[in-house]
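Throughout, a chain's letter reflects where its sequence line sits, starting with A, and its residues are numbered from 1. If you're wondering where the values come from, they're calculated on a predicted model, not measured in any experiment.
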Number of protein chains: 2
Amino acid sequence: MGTVAKALSLLNYFTADRPEIGLSELTRLSGMNKATVYRMMTELQESRFVEQTDGAKSYRLGTAVLRLSSLREAAVPLRETSKRAVRELATKTGETAHFSILDGAQLATMNYAYSSDHGTCVMMDDAMELPLHATSSGLAVLAFCDPALVDQVLTKKLDVRTPFTVVDPTRLRGMIQNTRDTGIAEYVSGFESDVHSFAAPIFNDARVAIAAIAVAAPVNRVSSENAPVFRRAVFDAAHALTHATGGFPPVGYDLKLEKALV
Amino acid sequence: MGTVAKALSLLNYFTADRPEIGLSELTRLSGMNKATVYRMMTELQESRFVEQTDGAKSYRLGTAVLRLSSLREAAVPLRETSKRAVRELATKTGETAHFSILDGAQLATMNYAYSSDHGTCVMMDDAMELPLHATSSGLAVLAFCDPALVDQVLTKKLDVRTPFTVVDPTRLRGMIQNTRDTGIAEYVSGFESDVHSFAAPIFNDARVAIAAIAVAAPVNRVSSENAPVFRRAVFDAAHALTHATGGFPPVGYDLKLEKALV
DNA sequence: TACAGTTGGTTTATTATACGAACCAACGGT
DNA sequence: ACCGTTGGTTCGTATAATAAACCAACTGTA
């Protein structure tokens, strides 16, 4: 790993829970030399990727990322388009909906929407990172992405989030194959307890999955009666998003789904 | 400039007009060695700051910037809050409104809104970069930011955008002082010909200007009659935004404005 | 067919630059 | 007065970035 990649990896320690990080803390987190971290953060600061909150000397993400993401959004619109789709999906299903994009070997939540139909609903965090092996969105992407990513994910040690998180590669491969067959992923309590989620993949112009849209409901609100409604709604949303962003599903995908969802 | 900053500076060559760049082109633009550019882009690709569009080998901004900007937005909300304010301002004034944030020695447009009240309106580009010396937004920020930034901007050679762009440091200092006195910036045809714009600064918690919200109208639609309406609308929007984002205006700022805008 | 000018990508010795241990000074608690 | 923090600095050393030159493939054109 070169200097640039190492410096950029420092940015990964910023999360929604830890939006500001001090020098010593960052040194500890990264395991690098303090002087090295300091030098890198200084450079990142010059480039405005981070900024120092005056008073406290801790770092937080800077303004450069805003400009770059605007540009990315101008080149590859996704955030805006998906936002509408997510809101519609939440309204239609009466449950929490969210959209996440593949970023390395994880999914980055881009946006989500709640419904006020019920007194309770599944809660989300801003910019949440979703593991591929523990979420329906993850299964949806794994089922239709580059096979190399599947191997990469399954050969690593997988985090256990709940007693129901599947970490056995063989079982996961089965679930991925099942998702590939049905076109829609489901996961019960894999990431958060008592949550049943449905997800479908969004494809790029090379017919590869790059993102997923999902609905998450409390387990006790999902029945054999309304599950088909959730599946249908998720599929329709994903289908519309794929087309709205200039992508194409794999050959036969839509047809198979249309038949299965009748 | 260290390696990291040099590598990150490559990202600045991506613009709304040039969303994808090939290796040779980027080498030419940056003036660096081709092998160096290649290695840096490879590292940026590893970190997912850029990605290669398959088929063509050209680079475009990657998914990492999306995740980081979501995090920044979670830590320092600005984009979402300002979007609403801009839309309201456009509706209220019947003219194009936009919000831009200070990024280095330039303003990065974060969002804008058109009004359909008239057959024509001032057009904006996504992620447009606005020079501080040629726009009302720039004057608004310069009038209430760190004085060091003013010096930095005024000592550089300033770009001429139109025959009306002011590049004389002395005259600019006068305009900045004038903005400081009135609290609201105005500029006629400094950036685009035949455009009259009004802008007011948004302050952070240290009472320093970090952004601006503005209205831009065709010169012939601005009269001594409606100009006060524009000023009032821009001030109200900026005031609301400053407070919505947890900032504070300089002591006496609001009072002075309230009096001037009666 | 040959040529000139592209493109993205690779190799090489050289040397500039990033590195890390150890060191400050300042602050906070006990 | 002490210990454990914090952010930041120093300096000799060795690693990692550098640039020129070189590929191979492709494009237009003559």
Distances under 3.5 Å only, N/O to N/O: pair up the protein atoms with those of nucleotides 2-7 of chain D.
{"unit_1": "D/dT6", "atom_1": "OP1", "unit_2": "A/R28", "atom_2": "NH2", "d": "2.7"}
{"unit_1": "D/dT6", "atom_1": "O5'", "unit_2": "A/S24", "atom_2": "OG", "d": "3.4"}
{"unit_1": "D/dG7", "atom_1": "OP1", "unit_2": "A/L23", "atom_2": "N", "d": "2.9"}
{"unit_1": "D/dG7", "atom_1": "OP2", "unit_2": "A/S24", "atom_2": "N", "d": "2.6"}
{"unit_1": "D/dG7", "atom_1": "OP2", "unit_2": "A/S24", "atom_2": "OG", "d": "2.5"}
{"unit_1": "D/dG7", "atom_1": "N7", "unit_2": "A/K34", "atom_2": "NZ", "d": "3.4"}
{"unit_1": "D/dG7", "atom_1": "O6", "unit_2": "A/K34", "atom_2": "NZ", "d": "3.2"}

Would you mind telling me which residue lines up with the more 5' stretch of DNA chain D, A/A35 or B/A35, judged by nearest nucleotide? A/A35
Heavy-atom nearest pair, A/P201 first then A/T242, reads O-OG1, 4.1 Å
Ring-plane angle category for B/Y253 and B/F203, please: parallel below 30°, perpendicular beyond 60°, tilted otherwise. perpendicular
What are the two closest heavy atoms between B/R79 and B/N111, and how far apart are they? O-ND2, 3.3 Å
Presence of salt bridge, A/R72 and B/D126, under 4.0 angstrom: no
Using only atom types and a distance under 3.5 Å, with no angle test, would you say the side chain of B/E51 pairs donor to acceptor with the backbone of B/Y59? no
Determine whether B/S30 and B/M40 satisfy the following criterion, side chain to side chain contact (heavy atoms under 4.5 Å, CB included), listing intermediate values before the conclusion. CA-CA 12 Å; B/S30 65; B/M40 286 173 168; over 6 Å; no
Is a side-chain N or O of B/Y114 found less than 3.5 angstrom from the main chain of B/M123, in a donor-acceptor match? no
Give me the distances for all protein-to-nucleotides 15-19 of chain C N/O pairs that come in under 3.5 Å?
{"unit_1": "C/dA18", "atom_1": "OP1", "unit_2": "B/T3", "atom_2": "N", "d": "2.9"}
{"unit_1": "C/dA18", "atom_1": "OP1", "unit_2": "B/T3", "atom_2": "OG1", "d": "2.5"}

Without swapping roles, check the side chain of A/R48 against the backbone of A/G62 for a donor-acceptor pair under 3.5 Å. no
